Amino acid sequence: MRIGAHVSAAGGIHRAVTRATAIGAECAQLFLGAPQRWSKVEYSDDEVAAFRRLAEDGHVGPNVVHAPYIVNLAASDERLRRRSISSLIDQMQWCDRLDIMGLVVHVGSAKGAPSHEEALNSVADAIEEILANSTTTAFLVENTAGMGASIGSSFADIGSILDRLGHDERVRLCLDTAHTFEAGYDITTSDGLDEVLQKCDRHVGLDRLAAVHANDSKTRFGSNVDRHENIGQGHLGEQALGYFMRHPAVAQTPFYLEVPGLAGHGPDRPNIDALRRLAGLAPARVRGSNET
Ligand SMILES: [Zn+2]
Ligand SMILES: [Zn+2]
């Protein structure tokens, strides 16, 4: 089990690694470019090499990139859909060079599509094209909270995208604990969690689980509203997150925190240590400090 966090890559992509190390994150998630805009990503060979070297030397990994939020692989506006596909091809190609394990994607919304089935077809066709234009990095479909017509809030949705892709082994799942709860899967009891993970296994396959976003939820069960909270301070709470962290199904999965942080600057050491404690692990070792 590796416990890490989303970190900023501001000021140079290698800074994401040093920021991860500074808060005791064993693996990192980052954005390539601005998540709310169409930004063309460009790194020099030196920048790519520095990122890879720092990650390797600091044993930070496996690392993931979170795709921009504006992509919609099911957009009924064909121009927006094409733009989304080329943006994700670009991101995947950089991920390949940066030795990133997976690109985490909210696949889009079925709003304006003739039917939900048609929207799932569009998503699958788009992913096929993205995979054909990249080599090693996995495409991680993230389950969503179910806001509006968003695709991927149910395991059935994600499973049927996989079916359409012939279960290509590069398409995998990123499970967000807050989104799962917000989408109406009750993981607050030990039995409930077992049942939800069985559902996930039936539709998607737990062998597809490549990453977990470990977040508490600011909104209530079934709210369909995606708002993250610090570990133990939200409606999921410590007990539910503890069941999750200690479940055998996720023992080999890397975890990435996406919480607001105690000071509001994003994931921090107290949240990492809170999660480690729930998993039964000792506090994080932070390199460069006197603490062990
Ligand atoms: Zn996400
Ligand atoms: Zn997430």
Side-chain angles (χ1 to χ4, degrees), residues 2-9 16 20 25 27-37 62-74 84 87-88 91-92 95 100-109 123 127 130 137-155 157-158 161 171-185 187 196 200 204 208-219 223-231 233-236 240-241 244-245 250 253-261 266-268 271-272 275:
R2 310 271 298 163
I3 294 182
H6 185 95
V7 284
S8 163
C27 47
Q29 173 177 275
L30 59 147
F31 293 124
L32 305 181
Q36 313 284 6
R37 282 190 287 121
N63 301 312
V64 294
V65 164
H66 197 298
Y69 294 114
I70 43 177
V71 302
N72 184 0
L73 299 179
S84 300
S87 159
L88 291 189
Q91 296 253 328
M92 281 289 264
C95 285
I100 296 293
M101 180 265 282
L103 177 67
V104 179
V105 184
H106 303 187
V107 292
S109 159
V123 169
I127 296 176
I130 293 161
T137 298
F139 187 101
L140 308 188
V141 177
E142 180 173 3
N143 70 315
T144 63
M147 258 198 249
S150 89
I151 300 166
S153 63
S154 74
F155 297 128
D157 258 11
I158 298 173
I161 292 170
V171 188
R172 308 190 65 189
L173 173 67
C174 174
L175 189 71
D176 187 306
T177 54
H179 299 174
T180 303
F181 173 78
E182 291 158 353
Y185 291 106
I187 53 171
V196 169
C200 178
V204 182
R208 296 270 160 173
L209 181 63
V212 170
H213 284 166
N215 301 308
D216 210 325
S217 173
K218 205 179 279 259
T219 64
S223 68
N224 296 130
V225 177
D226 176 357
R227 296 277 181 279
H228 299 176
E229 183 53 283
N230 292 320
I231 298 302
Q233 296 181 0
H235 288 283
L236 255 180
L241 286 165
F244 196 97
M245 297 306 291
V250 298
T253 312
F255 285 76
Y256 305 86
L257 280 152
E258 298 175 309
V259 295
D268 48 18
N271 272 283
I272 286 182
L275 201 61

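Each ligand, and each atom within it, is numbered from 1 in the order the structure gives. For clarity, every value in this text was computed on a predicted model and none was experimentally measured.
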Sidechain-backbone polar pair: H228 side chain, E258 backbone, donor-acceptor under 3.5 Å
yes
What residues form a salt bridge (Lys or Arg N to Asp or Glu O under 4.0 Å) with E229, not counting sequence neighbours?
K218
Protein N, O or S atoms less than 2.8 Å from the Zn ion (ligand 2), ignoring waters?
E142 OE2, D176 OD2, H213 ND1, E258 OE1
Look at the side chain of N230 and the backbone N and O of G261, then say whether any donor-acceptor pair between them is shorter than 3.5 Å.
yes
Could you tell me which residues satisfy side-chain contact (heavy atoms from CB on, under 4.5 Å) with A74, sequence neighbours excluded, listed by chain and number?
N72, A119, S122, V123, I151
Report yes or no: does S153 contribute a side-chain atom to a donor-acceptor pair with the main-chain N or O of A145 at less than 3.5 Å?
no
A138 meets the side-chain contact (heavy atoms from CB on, under 4.5 Å) criterion, sequence neighbours left out, with L140, R172
